[in-house]
Every structure is written in C-alpha cells, then in structure tokens.
Amino acid sequence: MLVAGEEKGLWGSEYYSEHPIFPLDKTTADLNIDMIGRIDTERMTADTQNYVYVVGHNKLSTDLPKINEGANSKYTKLVLDYKFDDPNDPNRIYYRSDHYNFARKGVPVFFFMMVC
C-alpha cells in the first residue's frame, strides 16, 4: 500500500489506520521503507555503504527482530544499524514516519531507512 501526505502530518497512514480495509488486528506487520538509495554522510567509505537503518522492529513484537536478522543473514547481509531506534534519539524517528500510525494501533512495524 502506498500512502501520501507524510510531510504534511502522516495524513495517508493516519486515514488508513482509522479506516482500514483489512482489520488491523489481523494485520501481521507494517513495512515502511523511506529514503532508500541515499547515503548517510557518516558512511562515505566503500566498506560502509551496505547498510540500512532499522527502527521500531522490536517495540511491539519479539518475533520481528528474529525474522529481520535471520532474513538479512541469509539473503542481503546488510549492516543493520539501530542508532535511530534508541528511545533517547533526539530525532524521534520512530514517531515521525508513516509506520507510527500503525504502531499506535498495535500493529508491529519495520521501518527501514537511509539518510543523507
């Protein structure tokens, strides 16, 4: 599903989470992918560009971290960076993207992102 209006206040994901086509209590997880393809300026060397930031995967599920890390080990072998998943992160990324409207309704989330 694609949603719009994130920069305006998470409008699309908020609308869907309030008016879901499929019941949210039957929704396994929300996968949010944002800013993929950008390179974090802190990761400008060739050996550090094979990464993705992971946010929220363990907040509502104990299974998602195992699934994520297992699939990553088997298939992509990316560096999974959890620095923005810290509850004390001043950017508060967990609360600022479309996955949050699903999480606040109890749907486990994966948020994968890169920053520049």
Same cluster (ILVMFWY, side-chain, under 4.5 Å), Tyr15 and Trp11: no
Donor-acceptor contact present, side-chain Thr62 to main-chain Asn58, <3.5 Å: no
Side-chain donor or acceptor of Tyr16 paired with backbone N/O of Phe102 under 3.5 Å: no
Where Gly9 and Glu14 come nearest, the two heavy atoms and their spacing: O-OE1, 4.5 Å
Heavy-atom pair of closest approach, residues Leu24 and Ser17: CD1-O, 3.4 Å
Nearest atoms (heavy-atom pairs only) where Asn91 meets Phe84: ND2-CE2, 3.4 Å
Side chain Ser73, main chain Gly70, donor-acceptor under 3.5 Å: no
Verify same cluster id: Leu31, Val55 (apolar side-chain graph, 4.5 Å): yes
Tyr100 vs Asn32 side-chain heavy atoms within contact, under 4.5 Å: no
Partners passing side-chain contact (heavy atoms from CB on, under 4.5 Å) against Asp81 (at least two apart in sequence or in another chain): Arg43, Tyr53, Lys83
Heavy-atom pair of closest approach, residues Asp34 and Ser97: OD2-OG, 3.7 Å
Contact summary for Ser61 and Asp63, nearest pair of heavy atoms: OG-N, 3.0 Å
Same cluster (ILVMFWY, side-chain, under 4.5 Å), Ile21 and Leu2: no
Test item: Leu64 and Asn68 side chains (from C-beta on) under 4.5 Å apart, heavy atoms: no
For Phe111, all residues meeting ring pair (Phe, Tyr, Trp, His ring centres under 6.0 Å), sequence neighbours excluded: His99
ILVMFWY network linking Met1 to Phe22, side-chain heavy atoms under 4.5 angstrom: yes
Residue pairs involving residues 97-113 (criterion salt bridge (charged side-chain N to carboxylate O under 4.0 Å, His left out); sequence neighbours excluded): Glu18-Arg104, Glu18-Lys105
Test salt bridge (charged side-chain N to carboxylate O under 4.0 Å, His left out) applied to Lys66 - qualifying residues, sequence neighbours left out: none
Asp85 and Lys59: CA distance, side-chain angles, deciding distance, side chain to side chain contact (heavy atoms under 4.5 Å, CB included) verdict: CA-CA 9 Å; Asp85 206 28; Lys59 302 241 186 302; 3.1 Å; yes
Minimum heavy-atom distance between Lys77 and Lys74, given as atom pair plus value: NZ-O, 3.6 Å
Contacts of Val52 that satisfy side-chain contact (heavy atoms from CB on, under 4.5 Å) - sequence neighbours left out: Ile36, Val54, Leu78, Leu80, Phe112
Residues forming a salt bridge (charged side-chain N to carboxylate O under 4.0 Å, His left out) with Arg96, sequence neighbours excluded: none
Shared hydrophobic cluster for Tyr94 and Val107 (ILVMFWY, side-chain gaps under 4.5 Å): yes
